[in-house]
Amino acid sequence: MHQKLILALIIGGLGCSSLWAQQTSPGTAAVRPTNFQQEESAEPTLPPVDVLPPESDPEPAPDVPPPTGLDLTAPTASPFPSLAEQVIGDFESGLRGPRESVFDSPRAIEIISRQQLLERSPIDMGQALEQSTSVMVQRTGRGQSSPYLRGLTGQQVLILVDGVRMTNSTFRAGPNQYFNTIDPNMVERVEVIRGGGSVLYGGDAIGGVINIVTKKAQFRGENFLTGGTTQRFSSADLGYTGRIDAEAWYGNTGVYGGGGYGNYNDLDIAGSPIAPEGFDPGRQPASSWGYRSADVKINYRVDDYSELVFGLQHYSGEDIFRTDRAPANRESVFDPQVRDLYMVRYQGHTDERGIFDTFQITASLHRFDETRIDRDFRPGREPLLFSNRSFFDEQTGVTGSFTKDLEAFGTLSYGFDWYHDEIGSSRTDIDRSVGPPTVTNLPGEVPDDAYYSRYGGYLQWDVWLTDRWKASAGTRYEHVTAGATVTVPGDVSTRIDPSYGAWVGSFGLTYELTEEIHLVGSINEAFRAPNIDDLATVNENVFTGVQLPNPDLAPEKSITYELGAKLNTERFHAQTFVWWNDLRNYIVRGAPNAENLLDRTNGHAYLNGAELSAEYLLDDTWSLYGNYWYTYGRDRASGEPLSRIPPMQGIVGLRSRWNGGRDWFDVYGWLVDKQDRL
């Protein structure tokens with residue numbers, strides 16, 4: 001077996017950072033039958049009394065509501081949290097499903113904590129996730145990241161930011177760069193749910209769900225103002241990352257905000273004898289990029305049981321090359337690549353008997369703006385022809401999530417979501433080979449009048465059937481409509497307005513073999529309607545030809561079966577899974593025809609794999625950790641391997657955390673098998 005070994009050494013600075021634990025919000029959890037024994041009350045004692053008079057009367061502090069009702073306090077987190085201490089389903093993550101631990105859930109879940117993000121010091125979200133189980137990150141160029149979950153990427157992985165949909169109707173079938181439009185320095189944690197997730201999260205979640213939870217002001221029971229900075233320098237590209245942020249709480253209001261900047265030059269590759277003319281032989285061409293970001297989140301406490309949240313995020317990537325095209329034959333530069341998110345949310349819980357105990361209602365506007373400049377150096381092409389292509393996708397959303405504690409009958413979770421995309425595009429070609437330059441306006445790759453709407457509703461029930469058996473069952477209905485004027489080569493135009501609808505379901509079981517071992521299994525359906533890229537976009541293929549749209553495509557559907565075991569002892573935490581994904585009507589592109597045109601059709605495929613992740617605590621500060629995962633995929637019709645299936649790989653590491661996680665040491669090896677299934 002041919003293997004590649006990558007070693008990394010990360011040493012944390014002493015006393016240079018302050019790490020606050022993630023908030024635990026009070027969502028309801030499935031009630032587990034058990035026997036309770038009331039503890040005997042301790043003898044009452046009086047606090048010590050200071051009989052000396054004070055030197056001066058202190059100023060009265062402003063009123064701060066006590067942390068009752070809606071719990072906004074941040075608990076003290078362990079530097080090595082167990083599976084039982086890692087929780088999903090709280091307010092910050094979007095309140096989808098019951099609040100439960102990773103240990104109790106029947107799903108394959110990994111949470112990348114703020115501590116891990118601090119230690120990795122990622123320059124982009126790709127680096128934040130690239131050591132995770134069953135996650136591979138492809139970069140078509142520096143400044144671009146496309147995450148793969150269980151062998152799938154692009155349109156088939158649902159990305160959320162604070163529970164708000166980020167995956168939109170223009171996402172391509174292959175790797176795309178939009179995951180990189182999130183500044184990792186504003187992220188509190190990342191929740192990775194592997195396998196089909198359409199019941200709770202909606203369409204496109206075939207490979208899984210990645211939910212980015214961003215930072216907020218942490219309520220500490222008192223007024224405060226604090227700030228911090230993150231600085232990172234790398235010698236290989238003379239790269240610099242800087243961020244300044246501030247956090248405050250006064251009375252009923254908490255504010256967190258910050259701004260970031262990054263600039264990276266071409267990578268030092270220690271010389272190249274075959275560097276093209278005009279390029280530095282010691283640097284990798286077209287590997288420089290930069291970005292600017294800003295974000296603010298305001299939490300206003302309406303009363304002891306509810307709060308309003310206002311959020312704003314901005315990211316602008318600049319001079320981002322498609323490295324695979326340059327300098328061999330083509331040059332594609334994204335400048336700028338912009339993402340803006342505006343969000344308002346009302347959330348809390350009620351002490352009155354009603355149809356819900358916790359609620360969260362969110363209105364959002366998520367906008368993507370992209371401008372790309374293309375040049376073509378291939379024989380017979382004009383390198384002085386600059387093609388400026390741009391488009392925007394403006395996605396408006398309204399979602400509602402609710403839970404109801406049914407006491408001995410478990411927890412009922414239900415909700416709705418509605419998203420609408422408005423899309424516009426343009427193209428301007430400037431030919432500088434003639435004087436004066438000629439300017440030609442052409443249709444953009446994405447139809448300028450396209451729209452895409454989806455709405456859906458879900459219901460899920462989680463209950464401990466006995467002291468040892470927990471069941472989870474859910475269903476969703478989703479409906480999608482699309483519209484666009486499609487123009488194919490030959491200037492043939494037609495108007496399309498397809499619609500799609502589907503029911504999907506899920507079922508999971510957790511069996512407590514012992515207090516430290518849970519056996520789990522689940523069946524999860526997922527659904528993806530063809531999006532605007534599938535139905536109406538005409539674009540150039542990476543290698544050759546022009547990719548045609550197909551307005552007659554059927555929706556993709558998948559069923560994922562998985563079995564696993566979870567171990568959670570005082571010193572040893574581990575998860576292992578085997579899984580199978582039956583993917584029907586998946587959308588695949590064909591080979592070029594005589595006119596060098598490629599079509600899109602529906603096919604049938606399957607994927608399967610195995611996963612293992614574990615951590616063993618040697619003592620209170622040292623641990624051994626690692627993961628291993630294997631993925632395989634095949635097209636049933638052709639018998640060929642699916643495109644871009646990641647090779648077998650894993651991580652083995654040794655780390656130490658002390659001083660409450662403020663200081664750390666980490667050394668790991670990343671092993672990857674050869675990629676021979678092409």
Side-chain angles (χ1 to χ4, degrees), residues 139-144 170 172-177 265-266 272 274-281 283-290 317-338 369-392 423-448 485-493 533 536-549 589-600:
R139 293 178 175 86
T140 307
R142 297 192 76 213
Q144 304 182 17
T170 65
R172 297 186 296 274
N176 58 64
Q177 69 273 24
N265 298 289
D266 286 344
S272 171
I274 58 172
E277 184 178 353
F279 287 94
D280 184 345
R283 297 279 172 178
Q284 179 182 341
S287 60
S288 61
W289 68 290
E318 302 163 352
D319 295 320
I320 303 171
F321 287 83
R322 279 195 62 159
T323 310
D324 64 322
R325 293 184 173 182
N329 52 29
R330 282 178 286 178
E331 178 181 86
S332 293
V333 185
F334 296 94
D335 186 24
Q337 184 88 56
V338 180
D369 287 89
E370 174 181 298
T371 299
R372 189 180 85 232
I373 304 173
D374 287 350
R375 298 172 66 193
D376 201 329
F377 302 100
R378 291 177 293 181
R381 307 298 177 97
E382 178 50 68
L384 293 180
L385 178 64
F386 294 77
S387 182
N388 298 272
R389 309 173 188 225
S390 63
F391 81 90
F392 71 85
I423 301 162
S425 71
S426 64
R427 173 180 171 179
T428 301
D429 287 359
I430 303 174
D431 188 352
R432 301 185 186 277
S433 66
V434 297
T438 61
V439 178
T440 306
N441 294 317
L442 299 168
E445 292 178 343
V446 183
D448 191 46
T485 300
V486 181
T487 304
V488 297
D491 293 330
V492 179
S493 297
D533 181 77
T537 299
V538 179
N539 49 40
E540 292 186 358
N541 186 260
V542 173
F543 301 106
T544 184
V546 175
Q547 183 78 57
L548 295 178
R589 64 182 175 217
N593 62 17
E595 289 78 31
N596 228 12
L597 302 176
L598 297 82
D599 61 355
R600 291 177 171 97

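Counting from 1, the numbers follow the sequence of the chain as shown.
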For this session: Given side chain to side chain contact (heavy atoms under 4.5 Å, CB included), test Gln144 with Asn176 step by step and report yes or no.
Result: CA-CA 7 Å; Gln144 304 182 17; Asn176 58 64; over 6 Å; no
Seminar exercise, completed: Heavy atoms of Asp533 and Thr170 approach each other most closely as CB-O, 4.1 Å
Problem set entry | Approximate separation, where rounding is to 0.5 Å, of Glu382 CD and Ser387 OG | 13.0 Å
For this session: Examine distances only and state if a side-chain atom of Arg432 and a backbone atom of Leu384 form a donor-acceptor pair shorter than 3.5 Å.
Result: no
For this session: State the CG-CG distance between Asp319 and Asp335, to the nearest 0.5 angstrom.
Result: 4.5 Å
Exercise. Salt bridge between Glu445 and Arg172, side-chain N to carboxylate O under 4.0 Å?
Worked result: no
Would you tabulate the side-chain donor-acceptor contacts of residues 435-444 under 3.5 Å, counting partners in other chains and residues two or more places apart, or write 'none'?
from	atom 1	to	atom 2	distance (Å)
Asn441	OD1	Thr428	OG1	3.1

For this session: Verify the distance criterion only: is there a donor paired with an acceptor across the side chains of Ser332 and Asp374 at less than 3.5 Å?
Result: yes
Problem set entry | Asp369: salt bridge (charged side-chain N to carboxylate O under 4.0 Å, His left out) partners, not counting sequence neighbours | Arg367
Seminar exercise, completed: Rounded to the nearest 0.5 angstrom, the CD-CZ distance for Gln337 and Arg372 is 10.0 Å
For this session: Would you confirm whether Asp376, through its side chain, and Pro383, through its main-chain N or O, come within 3.5 Å as a donor-acceptor pair?
Result: no
For this session: Quick one: do Phe321 and Val333 satisfy side chain to side chain contact (heavy atoms under 4.5 Å, CB included)? Show the steps, please.
Result: CA-CA 4 Å; Phe321 287 83; Val333 185; 3.5 Å; yes
Problem set entry | With Arg427 via salt bridge (charged side-chain N to carboxylate O under 4.0 Å, His left out) - residues at least two apart | Asp429
Exercise. Are Asp266 and Arg283 close enough for a salt bridge, meaning some N to O gap below 4.0 Å?
Worked result: no
For this session: Could you give me the CA-CA distance, side-chain angles and deciding distance for Arg375 and Phe386, then say whether side chain to side chain contact (heavy atoms under 4.5 Å, CB included) is met?
Result: CA-CA 5 Å; Arg375 298 172 66 193; Phe386 294 77; 3.3 Å; yes
For this session: Only counting residues at least two apart or in another chain, list the ones meeting salt bridge (charged side-chain N to carboxylate O under 4.0 Å, His left out) with Glu318.
Result: Arg292
Exercise. Considering residues at least two apart in sequence or located in another chain, which fulfil the side chain to side chain donor-acceptor pair (under 3.5 Å) criterion with Asp431?
Worked result: Ser433
Problem set entry | Evaluation steps, side chain to side chain contact (heavy atoms under 4.5 Å, CB included), between Arg142 and Gln284 | CA-CA 11 Å; Arg142 297 192 76 213; Gln284 179 182 341; 5.9 Å; no
For this session: State which residues pass side chain to side chain donor-acceptor pair (under 3.5 Å) with Thr537; sequence neighbours excluded, sorted by chain then number.
Result: none
Problem set entry | Member of Ile373, Asn388, Leu385 meeting the side chain to side chain contact (heavy atoms under 4.5 Å, CB included) criterion with Ile430 | Asn388
Seminar exercise, completed: Rounded to the nearest 0.5 angstrom, the OG-CZ distance for Ser426 and Phe391 is 11.0 Å
